[in-house]
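A quick write-up on the structure given underneath.
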Amino acid sequence: MRVAVNLSARQFASRDLRSVVLGALRDSGLPPACLELEITESLMMQSPERAARLLAAFQEDGVRVVLDDFGTGYSSLGYLARFPLSGLKIDRSFVSALEEKPDGHDAAIVRAVVGLSRDMGLELVAEGVESLGQVELLENLGVRIMQGYYFARPSAQWRPLNVPGVR
């Protein structure tokens, strides 16, 4: 079981994000390997050098970092090789288009991302799965991990990271 936390632009830009995350892990007793920080491509592109250093530090700490909404932003394959990531999350827009056109371009993109993530050793998650049909199509394309309303509604039990100076 993992706890997934989406980081906002303000949180990601915070100079003490790493210490806040490590403090939250220490206070909660959650093992670092059970925490998954989700960031978008646009967050990484705001300051690529800083992002690479921060992601490498989180990796050293044992915290997983996942690229959220993959395929909707910059999607530069060069950045996938440059940043130390644990996984990718295929955006819901690709998932919802699968049922409409199972042999279309979106399916081809999902297949390519499945191969890419497998070859790079990245965990792949499909977001926004809402029907059994989508589950079956994704399984046929090689996706093994999925999330969405089909499985469960998002939890209302959450507590925002307390980053000093960030609301």
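- Considering Val21, Ile39, Leu35 as possible partners of Val5, the one that fulfils the side-chain contact (heavy atoms from CB on, under 4.5 Å) test is Leu35.
- The two atoms that bring Ala9 and Leu43 nearest to each other are CA-CD2, 3.2 Å, heavy atoms only.
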Exercise. Mind running side-chain contact (heavy atoms from CB on, under 4.5 Å) on Gln147 and Val129 for me, showing each step along the way?
Key: CA-CA 6 Å; Gln147 72 179 51; Val129 178; over 6 Å; no
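- Atom-to-atom distance recorded for Glu136:CD and Leu98:CG is 12.5 Å, nearest 0.5 angstrom.
- Distance CZ/Phe58 to CG/Leu37: 5.5 Å, rounded to 0.5 Å.
- Shown here for Gln134 and Glu130, the closest heavy-atom pair between the two residues is OE1-N, 2.6 Å.
- Pairing each heavy atom of Val114 with each of Gly142, the nearest pair is CG1-O, 3.8 Å.
- Two different hydrophobic clusters hold Leu30 and Val66 under the rule that ILVMFWY side chains link at heavy-atom gaps under 4.5 Å.
- Applying the side chain to side chain contact (heavy atoms under 4.5 Å, CB included) rule to Glu139 yields the partners Val135, Arg144, Met146; only residues at least two apart in sequence or on another chain are considered.
- Put simply, Phe94 and Tyr149 are part of two different groups of oily side chains (I, L, V, M, F, W, Y) that touch within less than 4.5 Å, one to the next.
- Closest approach of Gly128 to Val95, counting heavy atoms only: O-CG1, 3.9 Å.
- Considering every non-hydrogen atom in both Ala51 and Phe83, the closest pair reads CB-CE2, 3.8 Å.
- Of the charged side-chain nitrogens involved, at least one lies within less than 4.0 Å of a carboxylate oxygen, so that Arg2 and Glu123 count as a salt-bridged pair.
- Within the 3.5 Å criterion, the main-chain N or O of Leu55 finds no donor-acceptor partner in the side chain of Gln59.
- Put simply, Phe151 and Val143 are part of the same group of oily side chains (I, L, V, M, F, W, Y) that touch within less than 4.5 Å, one to the next.
- One finds the CG atom of Leu67 at 11.0 Å from the CG atom of Leu124 (value rounded to the nearest 0.5 Å).
- Geometrically, Arg50 engages Phe12 in a cation-pi contact defined by less than 6.0 Å to the ring centre and at most 45° from the axis.
- To the nearest 0.5 Å, atoms CG (Leu54) and CG (Leu17) are separated by 5.5 Å.
- In this structure, CG on Asp68 lies 10.0 Å from CG on Leu88, to the nearest 0.5 angstrom.
- Across all non-hydrogen atoms, the minimal contact from Pro84 to Ala56 is CG-N, 3.4 Å.
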Quiz item: Is there a side-chain hydrogen bond (donor to acceptor under 3.5 Å, both in side chains) between Glu99 and Ser131 once you walk through the steps?
Solution: CA-CA 9 Å; Glu99 277 188 305; Ser131 70; 3.0 Å; yes
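- Taking CG of Asp61 as the start and CG of Leu25 as the end, the distance is 8.5 Å to the nearest 0.5 Å.
- Val125 belongs to a hydrophobic cluster with Ile145, counting contacts under 4.5 Å between side-chain heavy atoms of Ile, Leu, Val, Met, Phe, Trp and Tyr, direct or through other members.
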